[in-house]
2 protein chains.
Amino acid sequence: MIDGLERFVNWYGRPVTASPRRLEDPPGAAFLLAALGAHAAARFAERIAALDLTPPQTGLLRAIAATPGQSQQALAQLLGTPASRLVGLVDSLADRGLVERRRNPADRRLHALHLTADGEALAERIEAVGREHDDAILGSLEDEERARLRALLARIAEDQGLTPGVHPGYRRL
Amino acid sequence: MIDGLERFVNWYGRPVTASPRRLEDPPGAAFLLAALGAHAAARFAERIAALDLTPPQTGLLRAIAATPGQSQQALAQLLGTPASRLVGLVDSLADRGLVERRRNPADRRLHALHLTADGEALAERIEAVGREHDDAILGSLEDEERARLRALLARIAEDQGLTPGVHPGYRRL
DNA sequence: TATTGTTATACTCTATAACTATA
DNA sequence: TATAGTTATAGAGTATAACAATA
């Protein structure tokens, strides 16, 4: 406090003399988190667009890579989305020969999802793109800072009950 | 490295023995940032829905509160959205008596935007909701950790060229 | 002719619910 | 009757482009 003036800190950690409601005095760190998260998501979407993939397609492909053989219902539950939404997404990947539906002979209602060889190869490309993306977003941080940030975010994610590896955007807004 | 096995760290910072592509081994911290950001945005949307506001309405109201008297074009530029989109948003706030368009007598094409008394009051409610939201998302962190997280996020936001106080969701995806 | 604000249109994404095929 | 998957429909949100008023 100087001269009775309250002091604030703007987005960038710089002290700012108090004045009624400035755009640089945001509601809080959670807003910063939301803004930065949207930015990161948009930049990632641009990168994977070069692979002709949308973010939901990418997430589904990763989920199938991680847990092959699951039914569409099971995947829908994991991702937190209606099963009807998966149909189109799986179609779009299957049409390109990245994913295949294997009917279960014992219960012909079930479609087990697997990656094809092309799908596996693309999954590895996605991982590489993810690393590039990570460097582009967090490049201004030292390795140690990056690790600290990751640890803090991980704590929050666990506390908030997020499913590891799943973007909550599959759920409503 | 133990026994030639690479070691990974999952979302929650726990070491994980290497195995081919697990959902718990995410592409990187930027993904965690995007996921957590979407979560925070969704939780905030729920809170302000109680004030009968959508996130874009809230952001616009905050922007007008911070820089009153601006034209819609100027605000569109600040928020990074087409001016045509502002029309409906301003309408929705003006119909509720939260915002008013004041014609400029010198140049009757211009509409200067201002908050009404009700709008000012709501802006303060929004700030309070923002603080509650912040506590709900970051409640598991100590004060010092929270400050450190904020500082790291602020560094990234500045490095990435985000406009302080503006959610990039006004821009495309 | 240029600019502010507005309207019209079309497109994308998504959830809900109805439908089919299998059980 | 119940479940997996699919299709149909409808709604929200948004960008693009045409338009009207004013300069």
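First the proteins, then the strands, lettered A, B, ... as listed; each starts at 1.
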Can you measure [X] atom [atom1] to [N] atom [atom2] for me and round it to whole angstrom units?
X	N	atom1	atom2	answer
B:Leu110	C:dT3	CG	P	13 Å
B:Leu75	C:dT4	CG	C1'	13 Å
B:Leu60	C:dG5	CG	P	13 Å
A:Gln73	D:dG5	CD	P	5 Å
A:Arg85	D:dG11	CZ	C1'	15 Å
A:Tyr170	C:dC13	OH	C1'	13 Å
A:Gln77	D:dA4	CD	C1'	14 Å
A:Leu89	C:dT14	CG	P	8 Å

>> Between A:Arg101 and D:dT6, is there a contact of a side-chain N or O with OP1 or OP2 at under 4.0 Å?
In response: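 Checking A:Arg101 against D:dT6: at least one side-chain N or O falls below 4.0 Å of OP1 or OP2.
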>> Looking at B:Arg62 and B:Glu127, is there a salt bridge between them, counting it only when a charged N and a carboxylate O are closer than 4.0 Å?
In response: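 No, this pair does not count.
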> Is it true that A:Arg146 and A:Asp134 make a salt bridge, defined as a side-chain N closer than 4.0 Å to a carboxylate O?
Replying inline: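 Yes, this pair counts.
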> Do B:Thr67 and B:Leu75 have side chains that get closer than 4.5 Å, going by heavy atoms?
Replying inline: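 Yes, close enough: below the 4.5 Å cut-off.
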> Okay, side chain of B:Thr163, backbone of B:Val166: is any donor-acceptor separation there less than 3.5 Å?
Replying inline: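 No; judged by distance alone, with no hydrogens or angles, the pair does not exist.
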Among the candidates [options], find the nucleotide nearest to the side-chain atoms of [X].
X	options	result
A:His111	C:dT16, D:dT6, D:dA15	D:dT6
A:Ser71	D:dA15, D:dA4, D:dT6	D:dA4
B:Val87	C:dT14, D:dT6, C:dT7	C:dT7

Can you establish whether the number of heavy atoms outside [X] located under 6.0 Å from its atom [atom1] is more than 12?
X	atom1	answer
B:Arg103	CZ	yes
A:Glu46	CD	yes
B:Asp95	CG	yes

Atom pairs, protein N/O to nucleotides 17-23 of chain C N/O, distance under 3.5 Å:
unit_1: C:dA23; atom_1: OP1; unit_2: A:Arg108; atom_2: N; d: 2.9

>> Test: salt bridge (charged side-chain N to carboxylate O under 4.0 Å, His left out). Region: residues 76-94 of chain A. Which pairs qualify, not counting sequence neighbours?
In response: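 Matches after skipping sequence neighbours: A:Asp91-A:Arg101.
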> What is the ring orientation for B:His133 with B:Phe44, classed by angle as parallel under 30°, tilted 30 to 60°, or perpendicular over 60°?
Replying inline: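 If you compare the ring of B:His133 with that of B:Phe44, the planes turn out tilted.
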> End-to-end bend of the helix from C:dT1-D:dA23 to C:dA23-D:dT1 (five-pair axes, 10° rounding)?
Replying inline: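 Taking five pairs per end, the axes differ by 30°.
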